[in-house]
Amino acid sequence: MKARCAFIGLLIFGIFALQSTTAICPSLFNATSAEDGILSRIRLPSGLITSMQCDALIQVVNQFGNGEIQITNRANLQIRTSQALSLKVLQDFQDYGLASSNPSIDGLRNIMASPTAGIDIHAKINTIPFVKQWNLYLVNHPELEILSNKFSVCFDGGETISVSDRPNDICLVAVEIDREIYFNLYLGIGDRGESPSAVNVLIPSQQVLEVLAALTEIYRDYTEQKLNQNYSRVRPPRLRELLHDWGIERYLQSVEEKLGYSLRPSPPLPQERGVRSSYKHLGIHAQKQSKLFYIGVVIPLGRLTSHQLQGLGILAKQYGSGALRLTPWQNILITDILERNIEQVTREIKDLGLSISANHPYAAIAACSGSKGCKAALTDTQADAKKVAAHLENCIQLDRPINIHFSGCDKSCAQHHPSDIALVGIQRQDPNSPEAYRVYVGDGDTNFGREIYAEYAAKDLPALIVQLSQVYQNQRSDSKSFKNNKAKNDKI
Ligand code: SF4
């Protein structure tokens, strides 16, 4: 019955928007058209995908796609196909749980959680049940379809692999007070790409969903009002526009009125948010569950072949829980592996052409779609990143991850947080001149860091990055990261 209702919903939705290719943000039901194919985004709440779902996806990728699957920085999957996906494929995806049973909310941003939710030794609470309940709430509230599809919610359970610094509209961060677990409320009031800010509200864990629902409903009412006021408005307002318009206090007051009770103010809490992550999820790690381990696998630029995804899915089924976890760092975890199987799993990952080392050059390189996948791109970031990674692999043994971020323009879609080295595509005066980047290192006056070259030819980047990395490794003092080390000041 449930499947039939979902299908009817899909059919009704499909009459109007079956794989429309007009949306700015791609989703499964609103794909975008790019130079390298029709791009569909598969929304996987908290990045969980079962091996059975992998098989269903791989069939479609092999039949209609380019044989490649991409992980995004919100732990979605993206596929590129030569034609729009048919109603039958979309229905199959719904049956496998790869698409929402309610297509009207499938375009909302993925619900984010730490990839180690529920298995992290240091987590205060398992957030996966919250993600599932919130997703169910969205599915059952089609009136939320008018929200900006950038509306985003994140749960951070206090894991070592923290996601609380990721840009989200609403972030709930677990804290323990007097042996009780609460969630501290953060709202995304800053500029694009900025981490959300604490708003001095503490929510008991049992009230999290009703508060989240009230926050969302007030935002929906605001959206409806704005859309009604201005029929020519091309896009619904972001939550941050409401916050700037009303201020946080008025927003929270409206939420309290809807709830019928006052929100609890948060006491001063230690600032530990957002500094726990980096690349610690790669490699072999003990889980909270006794005698079980997870393995973090490096996925080069978040892209893997259908053969590799199938192989990882098989490993998850044979040796783990039967599910893979995609990370916002565009890598994959295989969980629940017994110690005696670690060697075998590691060997088979290597046989798939993948590494588990956090010091592998690809472990910390991020690149946006670039000119092959985005009309705004000024450079072919993907190809340039591959050349840099290959040169690093041949020339230097990294002793810690160096985060290198390629961005095809100033928008910085692939990574919002600062990197060790940032390369930003620049507009060329002469279209026949070779592609070039601005080069930044470490912290600095701009979002990308400190500019050291205003223009650097793409073809010369591999040599430059190897030299920068060498200077850093040779001159680094104690445990300092690239960001605060002397190497940042050195032009090569
Ligand atoms: S950063 Fe710029 S070039 Fe890259 S995907 Fe975003 S808009 Fe396109």
Side-chain angles (χ1 to χ4, degrees), residues 21-27 30-43 66 68-80 107 109-110 148-150 152 166-168 188 190-195 234-235 238 299-303 326 328-330 362 364-389 403-429 431 433-440 444 446-449 451 454-458 461 465:
T21 53
T22 54
I24 296 166
C25 285
S27 70
N30 285 289
T32 57
S33 180
E35 193 187 304
D36 53 359
I38 293 174
L39 179 63
S40 300
R41 183 173 292 167
I42 294 146
R43 178 178 172 275
N66 61 0
E68 191 181 82
I69 295 132
Q70 185 188 5
I71 306 168
T72 74
N73 57 7
R74 292 196 68 85
N76 301 286
L77 283 179
Q78 287 185 167
I79 58 172
R80 286 164 173 81
R109 278 193 168 161
N110 203 7
S148 162
N149 58 11
K150 294 181 191 300
S152 52
R166 307 285 101 183
N168 278 291
D191 285 340
R192 186 177 186 275
E194 277 186 23
S195 303
V234 288
R235 60 168 187 80
R238 295 288 309 271
I299 306 297
L301 303 179
R303 288 175 187 244
L326 314 178
W329 298 273
Q330 299 173 281
Y362 270 127
I365 295 188
C368 73
S369 314
S371 51
K372 294 273 177 354
C374 173
K375 291 187 176 75
L378 301 166
T379 49
D380 188 351
T381 52
Q382 292 278 320
D384 294 333
K386 281 181 193 164
K387 284 178 200 153
V388 164
N403 178 210
I404 304 165
H405 172 204
F406 283 79
S407 191
C409 75
D410 285 341
K411 273 197 179 168
S412 189
C413 296
Q415 179 175 313
H416 298 296
H417 56 277
S419 53
D420 293 318
I421 302 171
L423 305 143
V424 183
I426 56 170
Q427 186 80 51
R428 289 162 292 158
Q429 302 304 325
S433 62
E435 289 191 352
Y437 288 83
R438 276 197 309 276
V439 181
Y440 302 84
T446 75
N447 288 343
F448 290 106
E451 184 182 299
E455 182 171 349
Y456 211 91
L461 281 180
I465 303 296

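Ligands are counted one by one from 1 in listed order, and the atoms in each one are counted from 1 as well. Numbering of residues begins at 1 and proceeds along the displayed sequence.
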Does a donor on one side chain sit under 3.5 Å from an acceptor on the other, for Arg303 and Gln330?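 No, no side-chain donor-acceptor contact under 3.5 Å.
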Ignoring hydrogens and angles, state whether a donor on the side chain of Gln70 or Asn76 is under 3.5 Å from an acceptor on the partner side chain.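 Gln70 vs Asn76: no donor-acceptor pair found between side chains.
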At a cut-off of 2.8 Å, list the protein N/O/S atoms near atom 6 (Fe) of ligand 1, residue plus atom name. Cys413 SG
Parallel, tilted or perpendicular: which one describes the rings of Phe406 and Tyr437, with boundaries at 30° and 60°? perpendicular
Salt-bridged, Lys387 to Asp380, with N to O below 4.0 Å?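 Salt bridge between Lys387 and Asp380, a charged N being under 4.0 Å from a carboxylate O: no.
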So does Ile421 get a backbone contact from the side chain of Asn403, meaning a donor-acceptor N/O pair under 3.5 Å? no
Taking Thr72's backbone N and O only, do any of them form a donor-acceptor pair with Gln78's side chain (distance below 3.5 Å, no angle check)?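 No; judged by distance alone, with no hydrogens or angles, the pair does not exist.
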